[in-house]
Each structure stands twice: as structure tokens, then as C-alpha cells.
2 protein chains.
Amino acid sequence: MYEKTNHLCFCPLEGVIDVISKKWALLTINALGNHGTLRFKGLMKELDKIAPKSLSDTLKELQAEGLVRRESFAEIPPRVEYSLTRDGMQLRKAIVPLLRWAATRER
Amino acid sequence: MYEKTNHLCFCPLEGVIDVISKKWALLTINALGNHGTLRFKGLMKELDKIAPKSLSDTLKELQAEGLVRRESFAEIPPRVEYSLTRDGMQLRKAIVPLLRWAATRER
DNA sequence: CCGAATCCTGGACGATACTG
DNA sequence: CAGTATCGTCCAGGATTCGG
């Protein structure tokens with residue numbers, strides 16, 4: 001159906017689009033990629049004025065997709081750390097060109 | 001605010017996110033990149049079961065962003081051709097790694 | 001016949017308050 | 001500190017219909 005010369009079959013994108021097209025997904029991935037590990041509050045700071053619920057939702061979806069790992073420590077006060085999985089890091093690498101392109105757009 | 005070593009400041013993304021996070025934007029960019037020039041109906045075929053309105057909206061936004069060029073010919077029957085601008089082509093290049101990553105996800 | 005406008009609904013997103 | 005509960009808003013996106 002699709003030629004396979006220089007063309008990219010985007011069929012597999014179907015499922016992934018729904019992930020990366022979420023408003024905060026790429027930002028979150030990038031933030032975690034930059035810092036390696038972040039706590040909930042840390043992410044709140046990085047993602048300017050994101051609502052707790054939005055962050056919570058985003059993290060849950062990214063976990064479900066196997067892109068983000070969550071580690072919670074049974075301490076007082078509680079501590080939860082988020083980081084990228086191997087898949088997540090690959091995605092992060094894949095979006096670097098996109099980030100660079102965006103950075104040069106000046107808009 | 002952000003270190004500039006290996007980190008990527010995602011501030012510029014703000015505006016761009018709104019573009020690429022539209023469900024069909026990247027697919028459309030990619031389809032046009034693959035074919036060079038496509039008509040409305042051609043895009044409809046490429047983008048599996050997209051609603052006409054969704055495509056219309058997407059194309060308008062991409063035009064407004066200067067990523068897609070629209071040429072209409074005063075013929076009978078009417079013909080309208082869409083293609084990528086130079087900016088659009090650069091974006092297309094920037095998302096290739098993302099598409100490849102998506103393609104390997106098998107999900 | 002091809003391209004686009006209208007109408008409507010679901011879900012993403014946000015604000016705030018609250019709990020373990 | 002790390003979220004959840006709840007409510008409300010808004011718009012992307014799908015089905016249908018219109019215009020040239």
C-alpha cells in the first residue's frame with residue numbers, strides 16, 4: 001500500500017500519536033531527560049504552571065506506555081521519583097531534532 | 001533558569017506544541033513529505049479515515065504556521081494542491097527520528 | 001464531482017480544595 | 001509531600017450537509 005523507498009509508513013503512529021499529542025507529554029519527557037530524576041514537585045516547577053491533575057494524568061499515561069518509571073519510597077515525608085525508562089530515553093532522543101527545530105522557530 | 005549544557009530549553013516549544021500536538025498535524029506533514037504534492041482527496045486517502053473537517057482544520061493551521069502551501073487552480077473540476085513549504089520540509093526532517101521510533105514500537 | 005462550512009459530543013485541561 | 005476529588009470549560013474531531 002505504501003512504497004518503502006524513502007517513504008515512512010505512518011501506520012504505527014496511530015497509537016503513539018495519542019501519547020505525544022497530549023499537551024504535556026513531550027515537555028515531561030524532555031524535563032525528565034534533562035534531569036534524569038525528578039519528584040512530583042520538581043516536575044511541577046519545570047513544567048510551568050501545570051495543574052497537579054494534568055501532571056498526574058500525564059505521568060500515569062506515560063507509565064502505562066512504559067515510557068516513565070515511578071519509584072516510591074516509604075518514608076516520612078513520602079518521596080516519589082520519576083525517571084525515563086529505556087523506551088522513554090529513546091523517545092527523548094527521537095524528539096531532540098524536533099526540539100531543535102522548534103528552538104530555531106523563534107515563535 | 002535552565003542550564004545550557006546538554007539540556008534543551010523547551011520554552012520555545014510552547015507555541016509549537018500547539019501545532020504538532022494536533023492529532024493529524026504530523027501525519028499530514030509526513031504524508032506531504034512522502035508525496036511532495038497532494039490534493040485534498042489524496043490526503044484523505046493517506047490519512048486513514050480522517051474527517052474532512054479535521055483535515056481542513058489541520059491544513060489551515062499548518063498554512064497559518066507557514067508549514068504548508070496551498071495552490072488552487074481555477075479549473076473545472078476544481079483542483080487544489082497542497083505541499084510543504086521550506087519550513088515544513090525542515091519540520092518533516094526533524095520528525096523522521098520520531099517516526100522511526102514510533103515505527104519500531106509495534107503498538 | 002471536490003473542497004469546505006455547520007452542528008454536536010466527548011474528553012483533555014485547568015482551578016481549587018482536600019487527604020494519606 | 002504527593003497526589004486525588006470534584007467541578008467546570010473549551011475545543012478537537014467525527015458525522016453530516018453545503019457550495020462551486
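We name chains A, B, ... by the order of the sequence lines, and we start the count at 1 in each one.
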Rounded to the nearest 0.5 Å, how far does CG of B/Leu32 lie from CG of B/Leu84?
5.0 Å
Quick check against the 3.5 Å criterion: does A/Ser72 have a side-chain atom that pairs as donor or acceptor with the backbone of A/Val80?
no
Sequence neighbours left out, what passes side chain to side chain donor-acceptor pair (under 3.5 Å) with A/Glu61? Give chain and number order.
A/Lys22
Nearest-Å distance for atom pair CG/C1', residues B/Leu59 and C/dA5:
15 Å
Identify whether any heavy atom of B/Phe73 sits under 4.0 Å from a base atom; if not, whether one sits that close to sugar-phosphate; answer base, sugar-phosphate or nothing.
nothing
Per-nucleotide protein contact string for nucleotides 10-20 of chain C (B base, S sugar-phosphate only, - none; heavy atom under 4.0 Å)
--SSBBB---B
Any donor and acceptor pair, going by atom type alone, linking the side chain of B/Thr85 with main-chain N or O of B/Gly66 inside 3.5 Å?
yes
To the nearest angstrom, the CE-P distance between B/Met44 and C/dC1 comes to 17 Å
Shoot me the first and last contacting nucleotide of DNA chain D against chain B, ordered 5' to 3', at under 4.0 angstrom to non-hydrogen atoms.
D/dA12 to D/dT16
Residues at least two apart in sequence or cross-chain that pass side chain to side chain contact (heavy atoms under 4.5 Å, CB included) with A/Arg79, listed by chain then number, are A/Arg39, A/Phe73, A/Glu75, A/Glu81
Checking side chain to side chain contact (heavy atoms under 4.5 Å, CB included) for the pair B/Arg100/B/Thr104: CA distance, chi angles, key distance, verdict?
CA-CA 6 Å; B/Arg100 294 211 184 284; B/Thr104 64; 5.5 Å; no
Could you pull out all residues at least two apart from B/Met44 that satisfy side chain to side chain contact (heavy atoms under 4.5 Å, CB included)?
B/Phe40, B/Ile50, B/Pro52, B/Leu55
Could you work out, with side chain to side chain contact (heavy atoms under 4.5 Å, CB included) as the rule, every residue matching A/Asp57, not counting sequence neighbours?
A/Lys53
